There are 2 protein chains.
Amino acid sequence: MRPLSPRQQDILDFIRQFIEQEEFPPTIAEITRALGLKSPHGVREQLQALARKGAIELIPSASRGIRLLQKAAERDGLPLIGKVAAGRPLMTEANVEQYCKLGPELFQNKADYLLRVQGSSMRDAGILDGDLLVVQQAAEARSGQIVVARLHDEVTVKTLRLAGEMAYLEPANPEFPVLAVDLSKQELSIEGVVVGVIRNRID
Amino acid sequence: MRPLSPRQQDILDFIRQFIEQEEFPPTIAEITRALGLKSPHGVREQLQALARKGAIELIPSASRGIRLLQKAAERDGLPLIGKVAAGRPLMTEANVEQYCKLGPELFQNKADYLLRVQGSSMRDAGILDGDLLVVQQAAEARSGQIVVARLHDEVTVKTLRLAGEMAYLEPANPEFPVLAVDLSKQELSIEGVVVGVIRNRID
DNA sequence: CGGTAGACTGTCCATAAGAACAGTGTTTTT
DNA sequence: AAAAACACTGTTCTTATGGACAGTCTACCG
């Protein structure tokens, strides 16, 4: 989306806030008054500019015919990725089981997708089989973070430890082995960082 | 709220569906057309009836001035209860830290409120200090369920075990003791059943 | 048996609101 | 230096929309 001018941002912010408060979009005249302008035509042009830039959609001849075109994540929620098909990127249509709405209050807007945990290798970190991990997409991670990583075409969730050229993928369960990766020889790709956990089945 | 007539329910359903699809409420004329009616006045009366019955709010003179009055949980999200003030019921205004929106896809609409965990007595059940428990309000629970219970004016989260007149509140951490309650002598009140866990701080 | 609520048709009015045209001046980009 | 985008004022036109009045018919409820 092309960048918005400050004034266009003002208008967009006002529309957003108005919808939040009133539950329906404002009329052009209401926007005009709110911005302290005297003629509705200026606002009208700005709305058309916003529509051209893809920020909103204008429904012709409909009163309050303004629709915000926010990103899919806000409208449909976060994609929930269940089984991961081998060899394909995580966020593929085929991997998405459903979409889950999650307020931005939790996870501070960091969440990009949800991933269903398979196995109990992170049990001692309070991550159990069947839990949903809240993942922020990232290509890099700091040592000590719990990451979603891809190694030999397999996706795994482990605590990342970095030491020079070596990377260690540590489980949080003594029954599982630590995976050691020599970054100069093998490729380890970080898919994301775990920022939260959701468990919706108790027992 | 007084019961709605079938026709009023139709209209309410249509408004709901229209908002879902278009992101703004319909005009009276649009409702009229959608229901296959020929005069807008009938619809108008029905809308006023719906407003009297508290299902909607009509904003005078505003085009599309219909506001759905659904329950607070749907609009504001679930109340998040942080520290519990002693001696007072859980769901008191003063106990609510904030409201969190959670889609109904997770937790199948069972969630009534969120409760912040204090302490690690349920560690081995994957419930850690600071986690948010998703709680369904209930006065009774089955043996084996993880419950929010009140004992001597103190709120605690434990696994419930029932055996005749005795109730046991079992922690999921060997460092904590099992609480035994003789139901014929002491009162144990169940506040709710844990139906999920949310962790929004990793590390 | 009258009263009330529900479920409409049909007409009319005032105004709310989108759409369009004619301008003005500034800033940014090419 | 010209073109394009930005940021407006001001006016006019049409239609979309809420609001009101006058009726009709049915089903209940006490």
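These numbers were taken from a predicted model, which means no experiment stands behind them. Proteins come first, then strands; the chains are lettered A, B, ... in the order of their sequence lines, and each starts at number 1.
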Please tabulate, for the side chains in residues 140-148 of chain A, all donor-acceptor contacts under 3.5 angstrom to protein atoms that are two or more places apart in sequence or on a different chain.
| unit_1 | atom_1 | unit_2 | atom_2 | d |
| --- | --- | --- | --- | --- |
| A/Ser143 | OG | A/Leu162 | N | 3.0 |
| A/Gln145 | OE1 | A/Arg142 | N | 2.9 |

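- The side-chain hydrogen bond (donor to acceptor under 3.5 Å, both in side chains) pairs that include a residue from residues 182-200 of chain B are B/Asp131-B/Arg199, B/Arg150-B/Glu191, B/His152-B/Gln186, B/Asp182-B/Ser184, where partners are two or more places apart or lie in different chains.
- Look at CG on A/Leu47: it is 14 Å from C1' on D/dC6, rounded to the nearest Å.
- Closest approach of A/Val178 to A/Pro171, counting heavy atoms only: CA-CD, 3.9 Å.
- When the C1' atoms of four end pairs are superposed on the next four at each end of the helix from C/dC1-D/dG30 to C/dT30-D/dA1, using five pairs per end, the two resulting axes differ in direction by 40°, to 10°.
- B/Ile28 places its CD1 atom 12 Å from the C1' atom of D/dA20, with the value rounded to the nearest Å.
- For the OP1/OP2 pair of D/dC6 and a distance below 4.0 Å, the side-chain nitrogens and oxygens of A/Lys53 include at least one atom meeting the criterion.
- Judged as a ring-ring contact (aromatic ring centres under 6.0 Å, His included), and not counting sequence neighbours, the contacts of B/Phe18 are B/Phe14.
- Regarding A/Arg44, its CZ atom lies at a distance of 16 Å from the P atom of D/dT9, rounded to whole Å.
- B/Thr156 pairs by the side-chain hydrogen bond (donor to acceptor under 3.5 Å, both in side chains) definition with B/Lys158, not counting sequence neighbours.
- Note: CZ (A/Arg52) to C1' (D/dA5) measures 8 Å, nearest angstrom.
- For the pair A/Pro26 and B/Gly42, nearest-nucleotide mapping onto DNA chain C gives the more 5' position to B/Gly42.
- For A/Phe176, the ring-ring contact (aromatic ring centres under 6.0 Å, His included) criterion is met by no residue, not counting sequence neighbours.
- With rounding to the nearest 0.5 Å, the separation of CG in B/Leu69 from NZ in B/Lys53 is 14.5 Å.
- Between the side chains of B/Asp13 and B/Gln9, at least one donor-acceptor pair of N or O atoms lies under 3.5 Å.
- Remark: A/Gln46 is in phosphate contact with D/dA7, judged by side-chain N or O atoms under 4.0 Å from OP1 or OP2.
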Using distance only, find each side-chain donor-acceptor pair of residues 34-49 of chain A under 3.5 Å and give its atom names and separation, not counting sequence neighbours.
| unit_1 | atom_1 | unit_2 | atom_2 | d |
| --- | --- | --- | --- | --- |
| A/Ser39 | OG | A/His41 | N | 3.3 |
| A/Gln46 | OE1 | A/Gln8 | NE2 | 3.3 |

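- Following rounding to the nearest Å, B/Gln48 (CD) and D/dG19 (P) show an atom-to-atom distance of 8 Å.
- The outermost nucleotides of DNA chain C lying under 4.0 Å from heavy atoms of chain A, listed 5' to 3', are C/dA17 to C/dA22.
- Within the 4.0 Å cut-off from OP1 or OP2 of D/dA7, not a single side-chain nitrogen or oxygen of A/Arg7 is found.
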So if I define the base as every atom that isn't primed, P, OP1 or OP2, how would nucleotides 23-30 of chain D read as a B/S/- string at a heavy-atom cutoff under 4.0 Å? --------
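- Heavy-atom distances under 4.0 Å link DNA chain D to B/Pro60, B/Ser61, B/Ala62, B/Ser63, B/Arg64 of residues 57-67 of chain B, given in residue order.
- Sorted by first then second residue, the salt bridge (charged side-chain N to carboxylate O under 4.0 Å, His left out) pairs that include residues 161-171 of chain B, not counting sequence neighbours, are B/Arg161-B/Glu170.
- For the atom pair CG of B/Leu128 and CZ of B/Arg123, the computed distance is 9.0 Å after rounding to the nearest 0.5 Å.
- Side-chain contact between B/Val135 and B/Asp112 is absent, with no heavy atoms from C-beta onward closer than 4.5 Å.
- Applying the ring-ring contact (aromatic ring centres under 6.0 Å, His included) rule to A/Phe24 yields no partners; only residues at least two apart in sequence or on another chain are considered.
- Inter-residue side-chain proximity for A/Ile11 and A/Ile31 is flagged as met; some heavy-atom pair is nearer than 4.5 Å.
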